[in-house]
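Take a look at the structure below.
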6 protein chains.
Amino acid sequence: HAYSTKEESSARPIGRYPVPNKKDMPYDIVELMEEVEMKTGFLPNVFKAMSHRPAEFRAFFAYYNAIMNKDTGRLSKADKELIIVATSVVNRCTYCVVAHGALHRIYSKQPALADQVTVNWKLADLSDRELAMLEFALAVCKAENITEEHFQKLEAHGFDREDAWDIGMISAFFAMSNRIAHYIDLRPNKEFYTMGRVPQKKKEE
Amino acid sequence: HAYSTKEESSARPIGRYPVPNKKDMPYDIVELMEEVEMKTGFLPNVFKAMSHRPAEFRAFFAYYNAIMNKDTGRLSKADKELIIVATSVVNRCTYCVVAHGALHRIYSKQPALADQVTVNWKLADLSDRELAMLEFALAVCKAENITEEHFQKLEAHGFDREDAWDIGMISAFFAMSNRIAHYIDLRPNKEFYTMGRVPQKKKEE
Amino acid sequence: HAYSTKEESSARPIGRYPVPNKKDMPYDIVELMEEVEMKTGFLPNVFKAMSHRPAEFRAFFAYYNAIMNKDTGRLSKADKELIIVATSVVNRCTYCVVAHGALHRIYSKQPALADQVTVNWKLADLSDRELAMLEFALAVCKAENITEEHFQKLEAHGFDREDAWDIGMISAFFAMSNRIAHYIDLRPNKEFYTMGRVPQKKKEE
Amino acid sequence: HAYSTKEESSARPIGRYPVPNKKDMPYDIVELMEEVEMKTGFLPNVFKAMSHRPAEFRAFFAYYNAIMNKDTGRLSKADKELIIVATSVVNRCTYCVVAHGALHRIYSKQPALADQVTVNWKLADLSDRELAMLEFALAVCKAENITEEHFQKLEAHGFDREDAWDIGMISAFFAMSNRIAHYIDLRPNKEFYTMGRVPQKKKEE
Amino acid sequence: HAYSTKEESSARPIGRYPVPNKKDMPYDIVELMEEVEMKTGFLPNVFKAMSHRPAEFRAFFAYYNAIMNKDTGRLSKADKELIIVATSVVNRCTYCVVAHGALHRIYSKQPALADQVTVNWKLADLSDRELAMLEFALAVCKAENITEEHFQKLEAHGFDREDAWDIGMISAFFAMSNRIAHYIDLRPNKEFYTMGRVPQKKKEE
Amino acid sequence: HAYSTKEESSARPIGRYPVPNKKDMPYDIVELMEEVEMKTGFLPNVFKAMSHRPAEFRAFFAYYNAIMNKDTGRLSKADKELIIVATSVVNRCTYCVVAHGALHRIYSKQPALADQVTVNWKLADLSDRELAMLEFALAVCKAENITEEHFQKLEAHGFDREDAWDIGMISAFFAMSNRIAHYIDLRPNKEFYTMGRVPQKKKEE
């Protein structure tokens, strides 16, 4: 059994680089993949695509884990996904907007918000706190100079400087991820498009 | 002895976040810092600034190491620094342009090239191979859609798809680094400004 | 019974201008609304919002009808909705992207395409014919000078000059609609977000 | 007698699409054209160009009439033409800037103002009221998000929310017209260039 | 008798800086002004505004004279004015567009061309030679990198490298003039708006 | 002895246009060149390049002299060079950034500041007075409308309207120079790159 570069025989491949056969992958990578597949129900294509470079696979997901799964700070899981959606829109990264839009729907239980943010974040049905969070994240995303005023706006909505670091780091990390997705031509799994659309009792939580 | 957040008592701090005292840092981080300081002659401020978050320090430099110090591929050390300078200019990241401009002068022994690339890369005294490499790196840096045509241009100058990945990954990683430097307000060490300016017999090689 | 300006008591209003009570509306407007509501299953908010100005309501929907429901030309219903989605993204019009994305899913039976076009049309799973159609529509949308070269590119994909007019006119009409939606602050009905997501036997055809 | 697509045998045609012979046009269109020609002294090319599509001709001029010739609201005829000039400049629409610049000169009796607005509206000899009106019109023209602050600025100069709708609708309608003019390659009648240049007793009023 | 800073008592001043009384001006400046006034019929405001700084007045008009009144090269007087109009539009310089648009009408005897170029130079009724000339002038105006390809395009329309220098220098000089006009807030004389509008036997030639 | 167009036989020429032999140059131009060469230790390439057109050489350096070597006003020599560096970066002019960065290091004795301004002027170690000066200079450089508010910001840092003229004129003059450098393809002398890098007792003062 192998992770082919084509999702189905007739479809566009998941990316531009070859994906190794599972049996040729290092054991730690297979292990991580199986864990993710178990939890999510399918293996997101970013795992397959990055396995082309095992050392970079490890570095990428270790970094991802350090910032997305840390316990400290005021950012909820839904907050983090919202930052990813809003900043990935700026870079027009189909994979990240579609995949993390799905995760946002799951975590927030708000089925329309990620779609709204994808078109026009300023007009989305967001709280002032969420707007302030995205304003900071987008300033980092656009490589703007970050001034004391930026931090003060966050503080007015209850985010301290450690939260600002978290917001900035997620935005910066996905500035990298979006660009990797571009040169890899990474395609979203079809499952993401429909995840969390219909409000219902979910086991993902 | 501690790494203070101010380089000198009278000067602007090296960044916006506090830098822990050396004695409060995890041992592996101190060890890495001392190794770098030994080799470079001083400790670049990015190490001090990132030590504010040990887990992210480890993830950041492990990733950096995986892409900058790998042995495979056709990119020389000078090539990699050139990519960092050219892309960091787009994001107006003073730290990365100044620090990696210095490293480029050291590795390339060309004292004027990084300064030229900083102002106008298209008019710099670059080979066609270097221009093609930067064109790809800048397309990734600007989050442009990367097409087969981009890869073919690289191939015309001897870069295969694995080299393209390396160029793209360095560009993507510094898209992240530049943005981190912005929200940290990371300042270059003063040593970088003069490194490699005067062509002379160097021990760095 | 009246079309209130709030979809639900607790929710953000559908727009910034008051919507008249149904009993105060001119008969022809009520008649059109009831016909649309019957067909669609709900009354899209654009009908409510425009009823604030009966003369402009009539002009707007007469124009819409003249270009969207004409029988001539090579544009399918799905083609027309795709043009609306792609151009409304440029203007960040939440209403038009969400509503016409839904209609595209219904007409095309492709549940992921509108979402892809919303993030990055050039990377969406489109045919060359669809890409050429959107390229022309977007040039008109961005008010670019339209040259003979634009028409020739369309002709290479089977669109003659009358089709070009149709593409251009839909793009131009929604350049207007997107801007009206902005100053009205028109909000999409919640039904649009989930329409056509799950591929199934549909009676809309 | 026919409306040819060339103004004079030697000149560039008025547009890219064929204009039917008068005898082949529907009677209501001929009637409208003759009425306009009587009033203006010549037939503006937009009437000729749009007659290529009779249904769209009717929709376009019905809409135009509903917003330009309505009796209500605080916008004078000169105000409306000023909005059209300022927004059509953004879209670089030669026909609309030249034709409506002429109409502005006629209605306002200010022979230099439209030329000033064409180059740099912010520096033109406009009243604060006119500047506020154009600021709103241009925000709509550029498809910016329209916020409560936009409406409040208008209110400070005596424009209520119904006037805001009027300003926004004219701006939106010409966002459409400018784009139609681009794909049709619509050329201004030569009469427009000199209309209203010399201040004199005019019968147009 | 003095050149006041206001054209008429009721009007906006011609600029932001005080204009000295004629009797306080150096003799060579008065002499040049009187010569220009004799020839043109009125004194263009740029002469008044620049007299605030006699040394810079002399430098500015000496430079202007060296490039605008030289006898060599293939650029006609109308060509030079066309370059000024097209580049001054980019910088939104009301004075230069209005004043040199007038001079273009006088020299070219084409009353509509400057107005067309002001709105959209690419769609103006220009020869291929004029389009090539403006394309080069605008590349210089926008501070683009100028490559061999730019010179070759000019050569294809009969302009050699010395003509390219002339086009480039006029574009560069007015890049300066436009910016001076901005900080001075230089206003056009009202005479410019109507000059050369009506085709007639002219004595200016 | 002649000023060749190549600095060294193997190198890229200093510009695109031929430089005359010294013996064929007008005497006043040779005299000025020799004076500059004596003072600077080498002849900056802009003198060689402009000698291709003696009349324009004289006009250019007379203008330069009138604004750069005037005794009045509050701008120091270092201030003027800082303006040139910051504005020339916007136009990506390698010659002006490199040459005037060197002059700034000499005059200011601050070896790192010009490099910082080249990457990101807002984050450079500048005083509030210098930031205000550059903000005005850059507004002129970008051909923005200059309002009373611009002048008031300068006044808050001790610059009166005559100083504003000086800042604006230097910015405007180098808007011209940068563009000339582009079409000439003017290259910096290699001496500029290292001038003033090492803080030491200098005789330039």
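To find a chain, count down the sequence lines: A is the first, B the second, and so on, and within it residues start at 1.
- F:His52 and E:Glu162 are linked by a side-chain donor-acceptor pair at a separation below 3.5 angstrom, with hydrogens and angles left out of the test.
- Using a 4.5 Å cut-off between heavy atoms, E:Cys141 contacts chain F through its backbone alone, with no side-chain atom that close.
- There is no contact between F:Ala181 and chain E, counting heavy-atom distances below 4.5 Å.
- Here F:Arg16 is the residue among F:Glu56, F:Arg58, F:Arg16, F:Glu144 with the most heavy-atom pairs under 4.5 Å with chain E.
- For F:Asp185, no part lies under 4.5 angstrom from a heavy atom of chain E.
- Between chain F and the residues E:Phe136, E:Phe174, E:Phe173, E:Phe151, the largest count of heavy-atom pairs under 4.5 Å involves E:Phe151.
- With a 4.5 Å cut-off on non-hydrogen atoms, F:Ile167 does not touch chain E at all.
- With salt bridges taken as basic N to acidic carboxylate O contacts below 4.0 Å, none links F:Arg74 and F:Asp166.
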Residues 59-67 of chain F side chain polar contacts: donor-acceptor under 3.5 Å, at least two apart:
from, atom 1, to, atom 2, distance (Å)
F:Asn65, OD1, F:Asn69, ND2, 2.4

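- If you tally non-hydrogen atom pairs under 4.5 Å between each of F:Arg92, F:Met176, F:Arg53, F:Glu148 and chain E, the highest count goes to F:Arg53.
- Electrostatic pairing of E:Glu155 and E:Arg161 counts as a salt bridge here, judged by a charged N lying under 4.0 Å from a carboxylate O.
- At a threshold of 4.0 Å, the pair F:Asp115-F:Arg197 counts as salt-bridged, since one of the basic side-chain nitrogens sits closer than that to a carboxylate oxygen.
- Other residues, nucleotides and ligands contribute more than 12 heavy atoms inside 6.0 Å of the NZ atom of F:Lys70.
- Neither the backbone nor the side chain of F:Asn178 comes within contact range of chain E; no heavy atoms are under 4.5 Å apart.
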